[in-house]
J.: 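Once you've had a glance at the structure underneath, I'll fire off some questions.
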Protein chains: 2
Amino acid sequence: MVQYFRPPLDASFAALSDTTRRGVLEQLSRSDASITELAEKFHMTLTGMKKHVGVLEQAGLVTTEKVGRVRTCKLGLRRLEEEAAWIERYRQLWDARFNELDQIVEELKRKEKADGQKKRE
Amino acid sequence: MVQYFRPPLDASFAALSDTTRRGVLEQLSRSDASITELAEKFHMTLTGMKKHVGVLEQAGLVTTEKVGRVRTCKLGLRRLEEEAAWIERYRQLWDARFNELDQIVEELKRKEKADGQKKRE
DNA sequence: TAAATACTGAACCACATGGTTCAGTATTTT
DNA sequence: AAAATACTGAACCATGTGGTTCAGTATTTA
């Protein structure tokens, strides 16, 4: 289950690809919570929730600490910086690409028009 | 393989959770490419690359069109808007949460200091 | 000390993933 | 028409995922 050396972006995007896990992150941003509390909130067995928390922990998005019999989950130190950066950069590439294509279309239109002119001359 | 009704965020984050697929997106932002070209660039069989492209297509991040025997892959219409928005919102929650915790710590420090004063009085 | 609580680990399940090979089909190219 | 190219689908493989149950252990609480 542990997945030692997945590249960090792989791990965090994978962690974010599950509705329950995104929900847990939002929950923890409101207040720390025990496994039991999370399991109840998301209608799941303790064991099931433990696994989700494990995935989030592995990705550095959550940290946990056990005191007595209760394991408390908190937000981790990673703030999705790299993930935000990757997506932001992609959006810029996307924009650039579509602008480029637009220009090519414009170019073609102008040429067509010019050809039309020629024929009519 | 197809995964008909995965929520869109699930599908796109899952699509982004693989290094090869992120690479394909970057590649396509530079120029359209055939399956063969992508497969070569990423040292993979045609069949393997086809699957990755399938995942990206399913997530709306890539579109493909077959002309003759060549299937050309292009960037899709989704620009990772929702994904960026989710992450941005999370970062704000994260900030808020940590500020909150800081304030609690400050509060405790002040109290401690006050107690110290009292004892010394 | 007994009972309740909170978690943990192993084992299982069905299905997904990331890859492969192999055997096609359809479309160029020669 | 033959050969090369480009893809496609099925089948297989090992491993991961999202969940469960069951049988514990450790820690409170009564």
Side-chain angles (χ1 to χ4, degrees), chain A residues 1-25 27-28 31-59 61-74, chain B residues 1-25 27-28 31-59 61-74:
Chain A
M1 173 194 158
V2 189
Q3 294 247 99
Y4 289 102
F5 287 135
R6 249 226 250 215
L9 274 184
D10 285 31
S12 47
F13 279 133
L16 293 178
S17 75
D18 182 276
T19 310
T20 300
R21 283 192 299 260
R22 289 196 304 276
V24 167
L25 287 180
Q27 180 54 45
L28 293 183
S31 70
D32 299 350
S34 69
I35 306 271
T36 299
E37 285 162 357
L38 293 173
E40 274 168 10
K41 179 106 47 185
F42 293 93
H43 313 101
M44 192 173 298
T45 58
L46 269 184
T47 315
M49 182 48 74
K50 177 110 186 302
K51 283 191 183 179
H52 280 306
V53 168
V55 172
L56 289 166
E57 214 173 349
Q58 206 62 36
L61 300 176
V62 159
T63 56
T64 72
E65 193 192 1
K66 195 166 183 177
V67 175
R69 62 187 168 178
V70 177
R71 178 173 300 276
T72 300
C73 311
K74 315 171 201 285
Chain B
M1 176 190 154
V2 189
Q3 294 247 98
Y4 289 101
F5 287 135
R6 249 226 253 216
L9 276 185
D10 285 30
S12 47
F13 279 133
L16 293 178
S17 74
D18 181 276
T19 310
T20 300
R21 283 191 300 256
R22 289 195 304 276
V24 167
L25 286 180
Q27 180 54 44
L28 293 183
S31 70
D32 298 350
S34 68
I35 305 270
T36 299
E37 285 163 357
L38 293 173
E40 274 168 10
K41 179 107 45 184
F42 294 91
H43 314 102
M44 192 173 296
T45 58
L46 268 185
T47 314
M49 182 50 72
K50 178 111 186 300
K51 282 192 184 180
H52 280 305
V53 169
V55 172
L56 289 166
E57 213 172 350
Q58 205 64 35
L61 300 175
V62 159
T63 58
T64 73
E65 193 192 1
K66 193 163 183 179
V67 174
R69 60 187 169 179
V70 178
R71 178 173 297 276
T72 300
C73 311
K74 317 171 199 285

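Residue numbering restarts at 1 for every chain, and letters A, B, ... go by the order of the sequence lines.
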J.: Please state how far atom CG in L16(B) lies from atom C1' in dG18(C), giving the value in whole angstrom units.
T.: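 L16(B) atom CG is separated from dG18(C) atom C1' by 16 Å.
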J.: For dT17(C), does either OP1 or OP2 sit under 4.0 Å from a side-chain N or O belonging to H52(B)?
T.: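 For dT17(C), neither OP1 nor OP2 has a side-chain N or O of H52(B) closer than 4.0 Å.
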J.: List the atom of S17(B), the atom of A14(A), and the distance in Å for their closest heavy-atom pair.
T.: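 Closest approach of S17(B) to A14(A), heavy atoms only: CB-N, 3.4 Å.
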J.: So, for A11(B) and A59(B), which heavy atoms are closest and what is the spacing to 0.1 Å?
T.: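 Closest pair (atom of A11(B), atom of A59(B), distance): O-CB, 3.9 Å.
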J.: What residues in residues 39-47 of chain A put a non-hydrogen atom under 4.0 Å from any atom of DNA chain D?
T.: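 Heavy-atom cutoff 4.0 Å gives M44(A), T45(A), T47(A).
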J.: Looking at R71(B), I'd like to know whether one of its side-chain N or O atoms comes within less than 4.0 Å of OP1 or OP2 on dA6(D).
T.: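 Looking at the OP1 and OP2 atoms of dA6(D), neither is under 4.0 Å from any side-chain N or O of R71(B).
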J.: Need to verify one output field. Residue with the more 5' nearest nucleotide on DNA chain D, E37(B) or A14(A)?
T.: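 Between the two, 5'-proximity favours E37(B).
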J.: With a 4.5 Å cut-off on side-chain heavy atoms, are L38(B) and M44(B) touching?
T.: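 Sidechains of L38(B) and M44(B): no contact.
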J.: Separation of F13(B) atom CZ from dT17(D) atom C1', in whole Å?
T.: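 Answer to the nearest Å: 18 Å.
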J.: Tell me if a side-chain donor or acceptor on R22(B) pairs with a main-chain N or O of L16(B) at a distance below 3.5 Å.
T.: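 Yes.
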J.: Does a side-chain heavy-atom distance below 4.5 Å link T72(B) with V67(B)?
T.: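 Sidechains of V67(B) and T72(B): no contact.
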J.: Applying a 4.0 Å non-hydrogen cut-off, can you work out what G48(A) is touching in the nucleic acid: base, sugar-phosphate, or nothing?
T.: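 Counting heavy atoms under 4.0 Å across all strands, the contact made by G48(A) includes a base.
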J.: To the nearest angstrom, how far is I35(B) atom CD1 from dA26(C) atom P?
T.: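 So the two atoms are 18 Å apart, to the nearest Å.
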J.: Using OP1 and OP2 only, check whether a side-chain N or O of K50(A) sits under 4.0 Å from dG9(C).
T.: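 For K50(A), the contact criterion (side-chain N or O under 4.0 Å from OP1 or OP2 of dG9(C)) is met.
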J.: As a test of reading the structure: which of dT8(D), dT20(D), dG19(C) is closest to the side chain of K51(A), going by heavy atoms?
T.: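 Per side-chain heavy atoms of K51(A), the pick is dT20(D).
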J.: Q58(A) CD to dG18(D) P: how many Å, rounded?
T.: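 Value for this atom pair: 14 Å.
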J.: Quickly, which of I35(B), D32(B), V24(B) forms a side chain to side chain contact (heavy atoms under 4.5 Å, CB included) with C73(B)? Name it, please.
T.: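 Passing option: I35(B).
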J.: Both distances under 3.5 Å, Watson-Crick or G-U wobble: report the partner of dA4(C), or none.
T.: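 Base partner found: dT27(D).
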J.: Any side-chain heavy atom of M49(A) within less than 4.5 Å of one from K41(A)?
T.: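 No, their side chains stay 4.5 Å or more apart.
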J.: Provide, to the nearest angstrom, the distance between the CE atom belonging to M49(B) and the P atom belonging to dT17(C).
T.: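 Rounding to the nearest Å, CE of M49(B) and P of dT17(C) are 16 Å apart.
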J.: Would you mind reading off the distance between E65(A) atom CD and dT8(C) atom P, rounded to a whole angstrom?
T.: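 So the CD-P distance, E65(A) to dT8(C), works out to 13 Å.
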J.: Could you check how far CG of D18(A) sits from C1' of dT17(D), rounded to whole Å?
T.: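 Checked: the CG to C1' distance equals 9 Å.
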J.: Compare side-chain N and O positions of R69(B) against OP1 and OP2 of dT8(D) and report whether any pair is under 4.0 Å apart.
T.: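 The answer is no; no side-chain N or O of R69(B) sits under 4.0 Å from OP1 or OP2.
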